[in-house]
Amino acid sequence: MCGIVGYTGLDQAKDILVDGLKRLEYRGYDSAGVALEATDGAGDPRIDVVRRVGKVAGLESELVGVDSAATCGIGHTRWATHGRPSVANAHPHVSCDGRIALVHNGIIENFAELREALVRRGHTFMSDTDTEVFAHLIEEAYDGRPADAATGEPARPGCHDLMGAVREACTHVVGAYGLAVVCADEPGVIAVARKDSPIIIGRGERGSYVASDVIAVIDATRDVVVLEDGQFARLTREGITYTDAEGNAIEPAVTHIDWDIDMAEKGGYPDFMLKEICEQPRVVRDTLVGRMTGGELDIDELGLTMEELNLIDRVYVIACGTSYHAGLIAKNLIEMWARIPCEVEAASEFRYRNPIITPSTLVVAVSQSGETADTLAAIRDARIKGAKVFGITNVVGSPVARESDGVIYTKANKEIAVASTKSFIGQVVSLTLLALLLAQVKGKLTTGQVRLLFSELGNTAEQIQWILDTQEEAIHEAALACKDAHSALFVGRGMGAAIANEGALKLKEISYLHAEAYAAGEMKHGPIALIDRDFPVIAIATKSPVYDKTVSNLKECEARGAKIIVVATEGDEDIHKIADHVIYIPPVRDAFSAITATVPLQLLAREVALMRGCDVDQPRNLAKSVTVE
Ligand code: M6R
């Protein structure tokens, strides 16, 4: 939810921190801040904190006037949970004496009781955040704890060791944390802790780095440690040591990152969203590489034997947001090809229900980030209930990957824009492979049929490219027709209904225009009452078994004066009779239509958002990874 970064080394920390925060900004952009080592007039060390409400660019401007030679510091970009966005609530937070500063990502569930006890023992709080309790807990562990008259706890001596104090403080905290801490009394040291919140550590030629995401350190190193829950790290200029909760030395595994920093830059595009939309042909190709060997479908990371797969008699797809919509597509494919009942459920609902799970239930957890809190909780719940869990994620080594029995990595590479685009395409392609495999194992499709479908699936890469190359003008005209609307309706049947959901979400989240998705056949049961000339109806009416039915529903809308925009199949001229605007996609098998028909809807949402003056990469109130409930 928030982004944290830290550096200690030979170079000036300020610019490294700001650069890291800019790359982590997709995780939240309500406020930002840094803590830098400094010295006072007498040459004694202290910590300087600079914080600003708003995006990292504001912090960067403020830091231009700060003359800092610090070679050690920490930084944070926030997505507010406890406490509104304000300077006081921005990180870093400091101890009462200002000698300890920290940045935190996560939620401290018992913060109210911790805060009450800390106040009782004389601490003064400067913010409304849960995080600040950590600063005071560490201060007590470091300097010593006064007696607590209310609980009868006697005074305790301090340990005067930052790493030890952080470890001690963590024993009092219930919740999730990725934490980086500096202390004026230990120059050049950053103490790091992790529980249920991503932390990666890297060692470059010129120093040691900590961050929420590898993207912040990839310039310095490609070999990183993904810290596990309950592990701690102590970073210095010279190197990094790792310990467990008891303080025993450990040697965590090193993960090599094989994507390039160019992938995290705009590369000449005006925004990340457009760049990522345009990468989708590559995503299709990369996600399919190595998946057909010797004429056989090859998904060896499944973590399940063919016998176990054959026993699967129920599938749940659990996910949130766009990933949930990928699940809606998967339901159609799994039921059509493998004939296994498949339910798609929002992870936030699944985790609080009592779904019917048996050892022959397969739960497929889909998450771009691999760290969505609801999806993770649903995975844990499903495993406790005895399900096999299969993850589909874009982030190597992410919690979803680590906590599932098997995993397919979508090959979208880093996705920066908050609105998911290319990762959706990677998810749909991966789920299509899974559906084909289940169908083959169950004997519902022959090897020959699977090969043919696989080859057609590969063709969607060129089909997407065709849309990108030819439909710009049509999408622009359609966007002009939508930009001043107060609301929009996305409709379709079958696959089209599933795609409509993603189209509506894209428009809502980046253009702030209300949009709703509806099964086209359901329009006459209520939503048709909404229709007037200012209410665009955006239909997915590609050639499919339900094409004629969808067109009939659109005629009902047309008769009531709706402005109609249709995503149709190239060559369908009749559609112009009812549509005000037509965006074409190449002819495609209905099973694969989500992969292509979603693309014009992504572009339409972006175009409308730009016309309405919105920031398409960083829409208001959102963050890319939702690591809180
Ligand atoms: O990382 P995840 O796929 O688990 O994220 C799920 C949703 O938060 C995400 O898809 C969100 O809806 C995006 N903003 C959609 O564009």
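Below, all heavy atoms of this structure are taken into account, side chains as well, without hydrogens, waters or symmetry copies. Counting convention: from 1, in listed order, for ligands and their atoms alike. In this text, all values refer to a predicted model and were calculated from it rather than measured experimentally.
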Output the list of atoms in ligand 1 that are nearer than 4.0 Å to some heavy atom of [X], sorted by atom number.
X	result
Ser367	1 (O), 2 (P), 3 (O), 4 (O)
Ser420	10 (O), 13 (C), 15 (C), 16 (O)
Gln368	1 (O), 2 (P), 3 (O), 4 (O)
Ser323	2 (P), 3 (O), 10 (O)
Val418	13 (C), 14 (N), 16 (O)
Ala419	16 (O)

Practice task
Give a yes or no answer on whether the side chain of Ser212 reaches the backbone of Ile4 with a donor-acceptor pair at less than 3.5 Å.
Solution key: yes
[X] with [Y]: basic N within carboxylate O range, under 4.0 Å:
X	Y	result
Lys55	Glu25	no
Glu276	Arg282	no
Arg402	Glu228	yes
Asp271	Lys266	no

Handout entry: Proximity flag Lys506 to ligand 1, non-hydrogen atoms under 4.0 Å
Key = yes
Exercise for the section: Could you tell me if any non-hydrogen atom of Leu622 lies under 4.0 Å from any atom of ligand 1? Expected result: no
For [atom], what is the closest protein heavy atom, and at what distance to 0.1 Å?
atom	result
atom 8 (O) of ligand 1	Val626 CG2, 4.0 Å
atom 10 (O) of ligand 1	Thr322 N, 3.0 Å
atom 1 (O) of ligand 1	Ser369 OG, 2.6 Å
atom 5 (O) of ligand 1	Thr372 OG1, 3.5 Å

Handout entry: Heavy atoms of other groups near Glu462 CD, more than 12 under 6.0 Å
Key = yes
Exercise for the section: For residues Asp617 and Val418, determine if any side-chain heavy atom of one lies less than 4.5 Å from a side-chain heavy atom of the other. Expected result: no
Problem - From Ala417, Gly321, Cys320, Ala346 - option closest to atom 6 (C) of ligand 1 by heavy atom - result: Cys320
Handout entry: Glu509, Gln602, Gln427: member with heavy atom nearest to atom 16 (O) of ligand 1
Key = Glu509
Problem - Check: Phe490 ring centre within less than 6.0 Å of Tyr518 ring centre - result: no
Handout entry: Result of checking Gln427, Gln602, Glu415, Glu279 against Lys422 for side-chain hydrogen bond (donor to acceptor under 3.5 Å, both in side chains)
Key = Glu279
